[in-house]
A.B. asks: 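Just passing along the structure, written as structure tokens.
Lettering follows sequence order; numbering is per chain, from 1. No experiment lies behind these values; they were computed from the predicted model shown.
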Amino acid sequence: MEKKKPLSVIAIVGPTAVGKTAVSIELAERLGGEVVSVDSRQVYRYLDVGADKISLSIRKKVLHHMIDVADPDQVFSAADFVLGCRDAVERIGARERIPIFAGGTPFYYEALFGSRLSKNLPRDEDLRRELEETARREGKKVLHDRLREVDPCTASRLHENDLRRVVRALEIHRLTGKNASSWYAGDEKLIPSGAYDVLYIGLTRPRPLLFEAIERRVREQFASGFPEEVEWLLSRGFDERFPSMQGFGYRELVQYFRGKITLEEAALGDIRATKAFSRRQMTWFSKFSPIVWYDTTDCIIPDLAEEIEKEVRTHLEK
RNA sequence: GGCGGGAUAGCUCAGAUGGUAGAGCAGCGGACUGAAAAUCCGCGUGUCCCCAGUUCGAUUCUGGGUCCCGCCA
């Protein structure tokens with residue numbers, strides 16, 4: 001296969017509630033760009049308030065991609081995301097505009113720019129359920145032992161309690177007859193390596209301030225229609241069975257509407273889980289490279305955007 | 001004021017018939033290859049409220065004190 005010149009792109013990363021959205025919009029306007037949302041909740045229709053989706057009117061002014069591309073009863077995968085992005089980048093390129101990736105789902109960045117997902121690896125929801133049932137009845141260790149037999153390499157990498165990954169590895173083996181580690185080692189990838197040359201712009205602020213911002217945001221969501229949104233989703237049959245409804249806030253509010261916890265407990269649970277997530281995000285982002293960090297404490301968005309714009313232009317012209 | 005209960009990790013609490021203590025939550029670190037806001041792993045020294053007594057040894061027993069929570073006045 002012929003090697004194409006890598007496409008220079010920028011990505012605005014950072015933990016939740018630092019101001020990525022505002023910066024990405026400002027930057028898109030300055031650069032004549034379009035935003036590609038990298039957010040595992042915003043891909044779902046009807047998850048608006050809890051997913052901090054920006055309004056349609058703003059999306060009309062600055063074009064956005066990868067928002068509202070799946071229904072809440074679908075299982076939208078990282079691979080779906082990668083394929084969608086590939087199309088979006090093509091369309092943006094055809095308009096001679098610049099794609100600006102922005103969002104807080106590290107795994108999606110990894111899938112897209114890490115060029116690691118293999119081509120044509122299937123999945124099977126029924127098989128997953130079956131394996132999970134086995135784990136419930138006979139214990140997680142049984143599955144891990146089974147994996148050790150067919151794929152010792154992957155088994156040694158995974159903890160026996162990490163049911164998600166153990167199930168996935170068994171699924172790959174069962175469905176393709178080949179084990180996961182050999183797929184991963186091969187070079188048939190969804191995105192060829194070196195397809196993108198990414199400049200990561202990282203936004204952050206000291207953790208106590210981050211936690212304050214998270215608390216403020218969750219309170220705001222609860223006061224501006226988040227519970228009603230979840231109630232409506234439940235009335236349409238979109239419940240905790242689906243991954244779309246297993247994010248923080250959503251799962252707590254489902255519990256609330258099931259009468260298991262109070263509204264205040266739901267808010268506190270949401271805040272707690274969001275903080276924990278922001279920590280996990282930072283663990284990922286700290287390994288992304290190259291990354292230029294900006295502190296958004298007391299920042300003025302246009303000033304910050306101007307500074308970032310300079311940084312970005314140097315990268316794009318290279 | 002009287003009676004009873006309590007005081008142990010940031011919070012809620014457990015515990016040892018006396019040998020200086022441990023869970024959950026929070027916090028912190030990490031992993032991550034098609035569910036990722038998911039899933040999973042690791043990290044626990046703190047005047048055991050204060051003073052005195054008994055004792056080789058007290059956070060544990062005894063006495064007193066302080067504070068908190070109930071109930072009764």
A.B. asks: Between B:U39, B:A35, B:U33, which one does the side chain of A:Arg116 approach most closely?
C.D. replies: B:U33
A.B. asks: Give the nucleotide from the list B:A36, B:G34, B:C41 with an atom nearest to the side chain of A:Ala79.
C.D. replies: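 Among the listed nucleotides, the one closest to the side chain of A:Ala79 is B:G34.
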A.B. asks: Just name whichever nucleotide pairs with B:G19, Watson-Crick or G-U, keeping both distances under 3.5 Å, else none.
C.D. replies: B:C56
A.B. asks: Applying a 4.0 Å non-hydrogen cut-off, can you work out what A:Phe248 is touching in the nucleic acid: base, sugar-phosphate, or nothing?
C.D. replies: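 Base: the residue A:Phe248, judged by heavy atoms under 4.0 Å, touches a nucleobase.
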A.B. asks: Would you classify A:Gln42 as touching base, sugar-phosphate or nothing, given that sugar-phosphate means primed atoms plus P, OP1 and OP2, and contacts are heavy atoms under 4.0 Å?
C.D. replies: nothing
A.B. asks: Give A:Arg280 one of three labels, base, sugar-phosphate or nothing, depending on what nucleic acid heavy atoms sit under 4.0 Å from its own.
C.D. replies: base
A.B. asks: How would you label the contact of A:Arg157 with the nucleic acid (heavy atoms, under 4.0 Å): base, sugar-phosphate, or nothing?
C.D. replies: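 If one applies the 4.0 Å heavy-atom cut-off, A:Arg157 turns out to touch the sugar-phosphate alone, with no base involved.
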A.B. asks: Looking at B:G4, which nucleotide sits across from it as a Watson-Crick or G-U wobble partner, both distances under 3.5 angstrom, or is there none?
C.D. replies: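 For B:G4, the partner nucleotide comes out as B:C69, under the 3.5 Å rule.
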A.B. asks: Classify the ring geometry between A:Trp284 and A:Phe107 as parallel (under 30°), tilted (30 to 60°) or perpendicular (over 60°).
C.D. replies: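 Tilted.
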A.B. asks: Which nucleotide sits closest to the side chain of A:Ser77: B:G34, B:A31, B:C28?
C.D. replies: B:G34
A.B. asks: Under 4.0 Å, counting only non-hydrogen atoms across every strand here, what does A:Asn120 touch: a base, just sugar-phosphate, or nothing?
C.D. replies: base
A.B. asks: How would you label the contact of A:Arg279 with the nucleic acid (heavy atoms, under 4.0 Å): base, sugar-phosphate, or nothing?
C.D. replies: base
A.B. asks: Counting the atoms with a prime plus P, OP1 and OP2 as sugar-phosphate, which does A:Thr274 contact under 4.0 Å by heavy atoms, base, sugar-phosphate, or nothing?
C.D. replies: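 It contacts nothing in the nucleic acid.
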A.B. asks: May I ask you to say what A:Arg41 touches in the nucleic acid, namely base, sugar-phosphate or nothing, with a heavy-atom cut-off under 4.0 Å?
C.D. replies: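 Counting heavy atoms under 4.0 Å across all strands, the contact made by A:Arg41 includes a base.
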A.B. asks: Going by the angle between their ring planes, with limits at 30° and 60°, are A:Phe101 and A:Tyr196 parallel, tilted or perpendicular?
C.D. replies: perpendicular
A.B. asks: Taking the ring of A:Tyr200 and the ring of A:Phe285, is the distance between their centroids below 6.0 Å?
C.D. replies: no
A.B. asks: OP1 or OP2 of B:U39 versus the side-chain N and O atoms of A:Asn161: is any pair under 4.0 Å?
C.D. replies: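 No.
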A.B. asks: Considering every strand and a 4.0 Å limit on heavy-atom distances, what is the contact class for A:Gly249: base, sugar-phosphate, or nothing?
C.D. replies: nothing
A.B. asks: Counting distance alone, no hydrogens or angles: does the base of B:A35 have a donor or acceptor under 3.5 Å from a partner atom on the side chain of A:Glu171?
C.D. replies: no
A.B. asks: May I ask you to say what A:Phe76 touches in the nucleic acid, namely base, sugar-phosphate or nothing, with a heavy-atom cut-off under 4.0 Å?
C.D. replies: sugar-phosphate
A.B. asks: Is there a Watson-Crick or G-U wobble partner for B:A36 with both distances under 3.5 Å, and if so, which one is it?
C.D. replies: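 Partner of B:A36: none found under 3.5 Å.
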A.B. asks: From CH2 of A:Trp284 over to C1' of B:U39, roughly how many Å is that when rounded to an integer?
C.D. replies: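 From A:Trp284 CH2 to B:U39 C1': 12 Å.
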A.B. asks: So A:Ala51, base contact, sugar-phosphate only, or nothing? Heavy-atom distance under 4.0 Å.
C.D. replies: base
A.B. asks: Nearest whole Å is fine: how far is B:C32 C1' from A:Leu112 CG?
C.D. replies: 17 Å
A.B. asks: Please work out if A:Arg207 contacts a base, only the sugar-phosphate, or nothing of the nucleic acid, heavy-atom cut-off 4.0 Å.
C.D. replies: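 Sugar-phosphate contact only - A:Arg207 comes under 4.0 Å of backbone atoms but never of a base.
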A.B. asks: Check A:Arg313 with A:Glu311, please: is the shortest side-chain N to carboxylate O separation under 4.0 Å?
C.D. replies: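 Judged by the 4.0 Å cut-off on N to carboxylate O distance, A:Glu311 and A:Arg313 do not form a salt bridge.
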A.B. asks: Are A:Thr283 and B:G30 close enough that a side-chain N or O sits under 4.0 Å from OP1 or OP2?
C.D. replies: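 Yes, such a contact exists.
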A.B. asks: Please measure how far the C1' atom in B:C25 lies from the corresponding atom in B:A14, and state the result in whole Å.
C.D. replies: 14 Å
A.B. asks: Assess whether one donor atom and one acceptor atom, taken from the side chain of A:Arg165 and the base of B:A36, lie less than 3.5 Å apart.
C.D. replies: yes
A.B. asks: Mind checking A:Tyr108 for me? I need base, sugar-phosphate or nothing, with any heavy atom below 4.0 Å counting as a touch.
C.D. replies: sugar-phosphate
A.B. asks: Watson-Crick or G-U wobble partner for B:G27, using a 3.5 Å limit on both distances?
C.D. replies: B:C43
